[in-house]
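Worksheet for the structure shown next.
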Amino acid sequence: MTAANWPYQVNSVFNPGATLLADGSTLLLCRVEDRRGLSHLCAARSVNGVDHWQVDSRPTFAPDPEHFPEELWGIEDPRITYLPELSQYAIIYVAYSRGGPCVALALTKDFHQFERYGVIMQPEDKDAALLPHRIDGRWALIHRPAGATGSHIWISYSSDLHHWGGHKQILEARLGGFWDANKIGLSPPLIETSEGWLMIYHGVRQNAAGSIYRLGLALFDLNAPEQCLKHGDEWVFAPQEPYEQRGDVDNVVFPCGYTLGADGDTLNLYYGAADTRIAMTTGSVRAMLKWLNKRS
Ligand code: BMA
């Protein structure tokens, strides 16, 4: 999808969260940047998750800076996790505040009405998603605080989704010449597999021409998700097609959501391409686990 698919005038559509709805259709919650440069979220629905997208005629979830001043400069990059315990979808999104980006939470049953919990991680923090169920009685949030000497991936825990603690760094950006040196972040929510929580993360390589956003894999213990079991050295997905290499921000592939097929293996991964448009790629969870077993 591109801005041309939108029923109202926008600059760009990218970085969508994704989920399957109860009827088996796919919902994308897309980041939509308007022509002021500020983002809101808009839902697009498709029966097969590939084409014939029905886009809401107005913003589905818009910033509300009057009641939530942290949303002053828009809301971005949603990650959706269905929480069976609450029978609700959790949307973790970036609220772009005057103090920088921070992590915010809203719950919804239907993607029409939303209950905001407000900011749950103060600036600078982003690239966050909830695990779908409690671990040892506590909800777990993966997120990426910005550090002065590098940006790494962390986990935090909460018993009520409001108050967070038990903060631990779980994946450190590498150094030097690596494709993921200095700055990494969670991409879509973790994928629960029999071997552990599979993480697709982005690594940012800064070079003289700008930066390149590519994807890598890591695996975490199912019962203790702060424990990294495997971490692949090489990237697995990178900007390659013209629509990924050229746009408002060149050389970016940035997934915020996936859906899992009925076979429990085929992943539809939805991503922003060059901060301009929405693309999809498929993958196999089994193949990713196999790759990690060989390469880490
Ligand atoms: C990251 C996020 C994403 C964006 C990417 C590339 O820091 O802000 O929203 O897609 O940069 O510009």
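We count ligands from 1, going down the list as the structure has it; atoms in each ligand are counted the same way. Atom set for the values below is all heavy atoms of this structure, side chains included, hydrogens, waters and symmetry mates excluded.
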So the atoms of ligand 1 within less than 4.0 Å of a heavy atom of V249 turn out to be 12 (O)
Candidates E76, H202, K126; heavy atom nearest atom 7 (O) of ligand 1 found on K126
Look at [atom] and say which protein heavy atom is nearest, naming residue and atom and giving the distance to 0.1 Å.
atom	result
atom 6 (C) of ligand 1	D275 OD2, 3.4 Å
atom 9 (O) of ligand 1	D77 OD2, 2.5 Å
atom 11 (O) of ligand 1	Y213 OH, 3.1 Å

ring-ring contact (aromatic ring centres under 6.0 Å, His included) with Y201: of Y213, F220, W179, only one passes, and it is W179
Quiz item: Taking the six-membered ring of Y243, is the NZ or CZ of R277 close enough (under 6.0 Å from the centre) and on axis enough (within 45°)?
Solution: no
In short, P225 meets I135 closest at the heavy-atom pair CD-CG2, 3.9 Å
TODO: Indicate the ring-plane relationship of F237 and Y271, choosing parallel, tilted or perpendicular according to the 30° and 60° boundaries.
DONE: perpendicular
In this structure, CD of E76 is separated from OH of Y96 (nearest 0.5 Å) by 7.0 Å
Counting heavy atoms under 4.0 Å, the part of V94 that contacts ligand 1 is neither
